[in-house]
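Order of the sequence lines fixes the chain letters, A, B, ..., with proteins taken first and strands second; residue numbering starts at 1 for each chain.
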There are 2 protein chains.
Amino acid sequence: MSRGLNREVSMLSQVASSELHAHFRPHQFLAREDEKPVAIFRIDEGWACRYRLLPDGRRQITALYLPGDYCDPHWALGGKPSQPIVALTNVRATRLPCVPPSATSGEGQQAFWRSLSDMIERQTNWLVTLGRKTALEKVAHLLLELFERLRMSGLTYGQQCAMPLTQMEIADLTGLTPVHVNRTLQVMRTRGLVELQAKWLRIPDLRALRQAAALRTQGMAA
Amino acid sequence: MSRGLNREVSMLSQVASSELHAHFRPHQFLAREDEKPVAIFRIDEGWACRYRLLPDGRRQITALYLPGDYCDPHWALGGKPSQPIVALTNVRATRLPCVPPSATSGEGQQAFWRSLSDMIERQTNWLVTLGRKTALEKVAHLLLELFERLRMSGLTYGQQCAMPLTQMEIADLTGLTPVHVNRTLQVMRTRGLVELQAKWLRIPDLRALRQAAALRTQGMAA
DNA sequence: CGACTTATTGAACTAATTCAACGGCAGTGG
DNA sequence: CCACTGCCGTTGAATTAGTTCAATAAGTCG
């Protein structure tokens, strides 16, 4: 999924609306801002993100969608997409009906609510990180979250996982500049916190990285 | 960043569980971290907030609850409070049963879902602000959001509304230091963006403040 | 008043940004 | 094949937005 530049003949971004499956190439939109309530996608393969662009070009990515994620779950609450969603890699996704919350029940919906709940929780954690943490803590948080989310989906291999993000994308996720992301990653590498090369991430010491991310409670000098 | 100085009082924070109404004084908890799923409160009067504290004392406030808000709506999705909620002023609140999403319908629930949806939307906006905006934009965003939320509840008086937050609380909301909040407010005052004194906020030019906040360019056409 | 919290100001400092340049690598096109 | 182009990662130097430390004023409340 990382670099498989699959040259597709069709420039159509979506298959016919009656179809369940869709796929997208990097930079293609899964949803546009203020668009009509389209379907909700479940990502089957690849990465996507939601973001907002400020008038002067500053960009902040506000959610990352990995395989298994719904995209975007909170539309089911009645909102319209207020931010575009774009593919970061090649993406395979499944189109799901956009159900109102009161009309839902059953097993699949249970998973869906949990997914929404998780997204809110992650989002809240990022408020703390963006508001109060240092560059290194921010990047550590991101890489750790990626690894752990992928691990939950069985997409890690020992201490490793795919990491297709460019440093500029990492910057837009962490609220830093690409240059500073670069320098921060170098520090993390020399400290042995991460190994990151050729779009693969290896985390030698998960505990140390958690410590560096200052995520939840941890013992520190009193 | 705000130093430790965590002086949350640990008095009894709730009235008897059979009662519908509860009230809290500043620094009292409406909910504690990782507590059992208690009731959901609807704030009837006063302000409260949800926050996270880092081991070294840095604090980030992750949600602000104003009159009319549910506290916290996303618990209905099955999560437990992962962050404490504390009263910022005197608070009157109504205790509501914690309903599972699948068992809900009707008029009141409609409002509840919209409330959750709004909270997610606001939270997403804050990701952008904390990640990518300048100090002045951050503070402008906060004051603007406060004013517009209070206006929706009929709690504004012309161009004015209550603003009980201390500069330190503003700092913990915007991810700045209290000192820098002070200086930023002074700049905003001299630019005529806000008048702020004696816990009252006046916004002479709403449009100018919106501009300064670099929010989405759209008047919220009441 | 006295104790405390909050607001304000100055000066030194630093984490992160900005600007600019260079090298590698992949895709493109002759 | 090679040159060309664009993107991405890397590095250096100068700058700046925001922090930190410290001290003083101003409000609040018993």
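Salt bridge annotation for B:Arg32-B:Asp34: absent, with no cationic side-chain nitrogen under 4.0 angstrom from a carboxylate oxygen.
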#### Entry: Test side-chain hydrogen bond (donor to acceptor under 3.5 Å, both in side chains) applied to A:Ser82 and B:Glu121, step by step
CA-CA 8 Å; A:Ser82 71; B:Glu121 178 79 12; 3.1 Å; yes
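Counting any heavy atom pair closer than 4.0 Å across all strands shown, B:Lys199 reaches sugar-phosphate atoms only and no base atom. No contact: A:Arg58 has no heavy atom under 4.0 Å from any strand.
In this structure, the nucleotide among D:dC21, C:dT18, D:dG18 sitting nearest to the side chain of A:Val179 is C:dT18. With D:dC8, D:dG18, C:dT9 as the choices, the nucleotide that has an atom nearest any side-chain atom of A:Thr166 turns out to be D:dC8. Ranking D:dT19, C:dT17, C:dA16 by closeness to the A:Thr177 side chain, first place goes to C:dT17. Of the candidate nucleotides C:dT9, C:dT8, C:dT17, C:dT8 has the atom nearest to the side chain of B:Arg189. Checked against C:dT9, C:dT17, C:dA16, the side chain of A:Arg183 finds its nearest nucleotide in C:dT17. Ranking C:dT18, D:dG18, C:dT9 by closeness to the B:Leu176 side chain, first place goes to D:dG18. Considering only side-chain atoms of A:Gln167, the nucleotide from C:dT18, D:dT10, C:dG10 that sits closest is D:dT10.
Taking atom NZ of residue B:Lys138 and atom P of nucleotide D:dG18, one finds them 7 Å apart after rounding to whole Å. The CE-P distance, from B:Met188 to C:dA7, rounds to 15 Å in whole Å. Separating the CG atom of A:Leu136 from the P atom of C:dA15 is a distance of 12 Å, rounded to the nearest angstrom. Rounded to an integer number of Å, the gap from NZ of B:Lys133 to P of D:dG18 is 13 Å. One atom, CD1 of B:Ile170, and another, C1' of C:dA7, lie 11 Å apart when rounded to the nearest Å. Between A:Glu169 atom CD and D:dC7 atom C1' the separation is 12 Å, expressed in whole Å. Whole-Å rounding puts the B:Leu196 CG to C:dT8 C1' distance at 14 Å. What separates CG of B:Leu185 from C1' of C:dT6 is a distance of 13 Å, to the nearest Å.
A:Phe41 and A:Phe24 have perpendicular rings, their planes meeting at more than 60° on a 0 to 90° scale where under 30° would count as parallel.
Look at A:Gln186 and you'll find a side-chain N or O under 4.0 angstrom from OP1 or OP2 of D:dT11. Contact between the side-chain N/O atoms of A:Asn182 and the OP1/OP2 oxygens of D:dG9 is not found at any separation under 4.0 Å.
Residues A:Pro67 and A:Asp44 approach most closely at CB-O, 3.8 Å, considering heavy atoms.
Applying the 3.5 Å distance criterion, the base of C:dT17 shares no donor-acceptor pair with the side chain of B:Arg132.
For the side chain to side chain contact (heavy atoms under 4.5 Å, CB included) with B:Cys161, the qualifying choice from B:Leu143, B:Thr156, B:Leu155 is B:Thr156, the only one to do so.
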